[in-house]
Amino acid sequence: MTSTVSTALDLRFTISLPSDSKKPSFLSSPLRLSTKRFTVFCKSPSEIAEPRQNPSLSDQLKPLSLTLLSDTKDQQPQPTLLSKPKSTWVNPSKPKRSVLSLQRQKRSSHSYNPQLRDLRLFAKKLNGCEPTEAAFSVALEEIPHPPTRENALLILNSLKPWQKTMLFFNWLKTQNLFPIETIFYNVAMKSLRFGRQFELIEELAQEMINNEVELDNITYSTIITCAKRCNLFDKAVEWFERMYKTGLMPDEVTYSAVLDVYAELGKVEEVLSLYERGRASGWKPDPIAFSVLGKMFGEAGDYDGIRYVLQEMKTLGVAPNLVVYNTLLEAMGKAGKPGLARALFEEMVAAGLTPDEKTLTALVKIYGKARWGRDALQLWERMRSNKWPMDFILYNTLLSMCADLGLEEEAERLFEDMKQSEQCSPDSWSYTAMLNIYGSAGKVDKAIELFEEMSESSVKLNVMGCTCLIQCLGRAKRIDDVVRVFGISIGRGIKPDDRLCGCLLSVVSFCEEDEDVDKVLSCLEKANAKLVAFVKLLRDEEANFDKIKQDLRMILNEAVVEARRPFCNCLIDICRNRNLHERAHELLYLGTLYGLYPGLHNKTEDEWSLNLRSLSVGAAYTAFEEWMGSLSKIMERQEALPEVFSAYTGSGTHKFSQGLASTFASHLEKLAAPFTQSEEKAGCFVATRDDLVSWVQSRVPPPAVGA
DNA sequence: CTAGGGTTAG
């Protein structure tokens, strides 16, 4: 078992596989080795102070990019990442400049402080007092030992939130007992970073500059990561630039913090250039740096990049730790490689690492997305038997996976486990997953029971749970319950979103009685009045096509992208149920016009096909009619026809999916259309030209004379 | 435990 797994992984290192990831790989990107300057590096220098003018990073990197580019001119276009970084570009007469210090900044060592207990207790008191200057001053008088440098540091380090830290720090400055050195600023900044107070951090940094207190790597990395946490990426880069200009070389901690800044900005080229430049300076990156790279490639869905990270670690003899594995697993999932994620996981276990909650969450998510039910359940068994750690996120991910795979019993067992457990009791996410499962399975009573249970407990219903429940009630045609649940939900503060509106709209399409339609529409009225007005407009025979077009366009524009096609599908279904076939055809036309049904119809010389996979039942019927209608016109014009006609409904991989295939099959049967279901491909209906032509002729009366 | 970098949910 273990050896097979590692072989599988080894193969990936040695064989150059073609890239099949959906997103373009940086390998194929022409930008990768380009001279593109780092525009963020070219900002005007910081206004804060005048640093000594050392060459900026962009200047330092220029020779690199130029040599790299000229180097590639001789090569074939695709440099392989699996080879070691080339060193041929180094010109021995011009020694390359280093971009980072290989020595990590040393921390000062602390000797044991015998007054530690007292001071901690005192810090706790300060933390607990009123957050006013007055209250703080009073509390300060109870200081148990004189605020020597060491004692002050210890207290400063124990204060939170940042307001308290600042009060103490400012008090300390007024005491004039000893010079306030770098470490004091660093400790204060750490607390400010926790409170995301970037402005204050910058103020402190300015104060350091003014007072000629040295800014060291710890100062810079704290400033940079605070900027990052506050999403002030420009600031992060600006401070990184600054340190070069003041003549300070980043060490690997600062350097990898900056790699992460660029990675979060999606600047893959810049990260790789910095990485390679660091490597060329003799840097042996540690697992944290690799984790940054791995995450970046995951975000880009770049499988080749992930392989590159694994290969680099192998080449440099860096063993992945748990976080690196977790990051790479997540990345494999994002790159759509469930099999390789599984192999990597086995490698990790074989290496003696114990997976944690994050590892397992990543893997469960991947198996769920890949619809690998067996793997997911086996993993769950292993989790239980090995007593691997569980937390509520993992539980909820397992529940969502069950919802995706239709594993009702397993979900119930998990849900019960959660109720038993102390730390992982079900929250609104767990309830939503269960409502999703019962809703999809059509277990109306169980779904309602959950809903009642939530009302009694302190778990709040969310909009998705509400949507699942209403969908379930709608399918069961329990219209009064739909209205009741909707009313209660609004009362509990649910803000209807476009999905919920789409769900109500689909309930309208299920309604058989006018009375029921009106009930549901009056719910929908509270969430989206324009949509209701449009439904009413559809019934109005006076309404002309342009009016329909204009209003539909407005409604679709105001809806989130993922709700637009469901809206259109439901509206078509409603028209068909109300015998408004003309309108249904108009809506399908408009939906196609607005790009909701891309690739609906495909023509090749040999085959014309209709792709119905994203259509509702009514929309699919409408599209089929449209297709046959245009076929008959083409026949009238005696134009060339292909041998084969096919219609795809999809086979519905989702266990609970309603299955357009079977509905469509009986529809075709009723029409006596000569389509037969393909044996090789589920959900594919095929007809030959001759059969179809004679069927169309038999249905369509010859055109009236003069028409 | 006493100054800095990386990882979990529709």
Side-chain angles (χ1 to χ4, degrees), chain A residues 104-113 116-117 119-120 123 150-159 165 181-193 215-226 228-229 236 250-261 263-264 285-296 298 320-331 333 355-366 368-369 389-401 403-404 427-430 432-433 435-436 462-465 467-468 497 499 562:
Chain A
R104 192 187 282 217
Q105 184 182 321
K106 294 267 190 302
R107 295 174 174 218
S108 51
S109 57
H110 283 271
S111 51
Y112 174 73
N113 190 330
L116 187 136
R117 265 184 64 95
L119 292 167
R120 293 226 132 221
E150 270 64 39
N151 289 348
L153 255 183
L154 211 149
I155 294 167
L156 193 64
N157 225 322
S158 319
L159 291 176
T165 312
E181 303 156 46
T182 306
I183 188 169
F184 284 90
Y185 282 95
N186 290 350
V187 171
M189 282 185 181
K190 178 184 152 193
S191 175
L192 288 171
R193 188 186 63 173
L215 283 77
D216 62 12
N217 256 288
I218 296 177
T219 321
Y220 279 108
S221 59
T222 309
I223 297 172
I224 289 166
T225 52
C226 179
K228 190 171 76 184
R229 274 178 215 184
D251 66 6
E252 75 170 329
V253 175
T254 315
Y255 204 69
S256 52
V258 167
L259 285 184
D260 194 44
V261 169
E264 287 213 19
D286 67 359
I288 295 182
F290 286 118
S291 165
V292 168
L293 292 186
K295 186 187 172 194
M296 172 183 76
N321 64 15
L322 185 58
V323 177
V324 171
Y325 273 117
N326 289 351
T327 313
L328 290 176
L329 280 172
E330 179 102 344
D356 68 1
E357 296 89 335
K358 291 171 186 172
T359 323
L360 298 165
T361 300
L363 210 53
V364 168
K365 221 172 100 185
I366 289 168
K369 218 171 91 185
M390 297 279 286
D391 65 4
F392 77 103
I393 294 182
L394 178 52
Y395 266 115
N396 284 342
T397 308
L398 279 163
L399 281 177
S400 301
M401 183 270 297
D404 286 339
D427 65 354
S428 70
W429 202 296
S430 331
T432 301
L435 283 170
N436 191 2
N462 63 26
V463 65
M464 185 180 170
T467 305
C468 292
D497 61 4
R499 282 168 198 262
E562 64 267 24

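From a predicted model like this one, the values you see are computed outputs, not experimental measurements.
- Looking at A/T327, its side chain has no donor and acceptor atom pair within 3.5 Å of the base of B/dT7.
- Panel note: side chain A/T467, backbone A/V463; a donor-acceptor pair is recorded below 3.5 Å.
- Salt-bridge annotation for A/E252 and A/R104: present, with a side-chain N of the basic residue lying under 4.0 Å from a carboxylate O of the acidic one.
- Here A/R229 lies in heavy-atom contact (under 4.0 Å) with sugar-phosphate atoms only.
- A/N217 comes within 4.0 angstrom of a base, heavy atoms only.
- Contact annotation: A/R107 reaches the phosphate of B/dG4 (side-chain N/O to OP1 or OP2, under 4.0 Å).
- For A/K228 and B/dG5, the shortest distance from a side-chain N or O to OP1 or OP2 is not below 4.0 Å.
- Across all strands, A/T254 comes closer than 4.0 Å to base atoms (heavy-atom distances).
- The residue A/Y325 sits apart from the nucleic acid: no heavy atom pair falls under 4.0 Å.
- Within the 4.0 angstrom heavy-atom criterion, base atoms lie near A/L116.
- A/K365 has a side-chain polar atom (N or O) that falls below the 4.0 Å cut-off from OP1 or OP2 of B/dA9.
- At a threshold of 4.0 angstrom between heavy atoms, the contacts of A/S256 include nucleobase atoms, whether or not backbone atoms are also involved.
- Here A/V187 lies in heavy-atom contact (under 4.0 Å) with sugar-phosphate atoms only.
- Note on A/R193: only backbone sugar-phosphate atoms sit closer than 4.0 angstrom, heavy atoms only; bases stay farther off.
- Judged purely by atom type and a 3.5 angstrom limit, A/N217 has no side-chain atom pairing as donor or acceptor with the backbone of A/Y220.
- A straight line from CD of A/E330 to P of B/dG6 spans 16 Å, rounded to a whole angstrom.
- On a pure distance criterion of 3.5 Å, no polar donor-acceptor pair joins the side chain of A/R104 and the base of B/dG4.
- For B/dT7, one of the phosphate oxygens OP1 or OP2 lies less than 4.0 angstrom from a side-chain nitrogen or oxygen of A/K295.
- Base engagement by A/S108 is indicated by at least one non-hydrogen atom pair under 4.0 Å involving a base atom.
- Residue A/N157 is classed as a sugar-phosphate contact, given heavy-atom separations below 4.0 Å to backbone atoms only.
- Judged by atom type and distance alone, A/D356 does not reach the base of B/dT8 through any side-chain donor-acceptor pair under 3.5 Å.
- Within 4.0 Å (heavy atoms only), A/D497 reaches no atom of the nucleic acid at all.
- At the heavy-atom level, A/T432 lies under 4.0 Å from base atoms of the strands shown.
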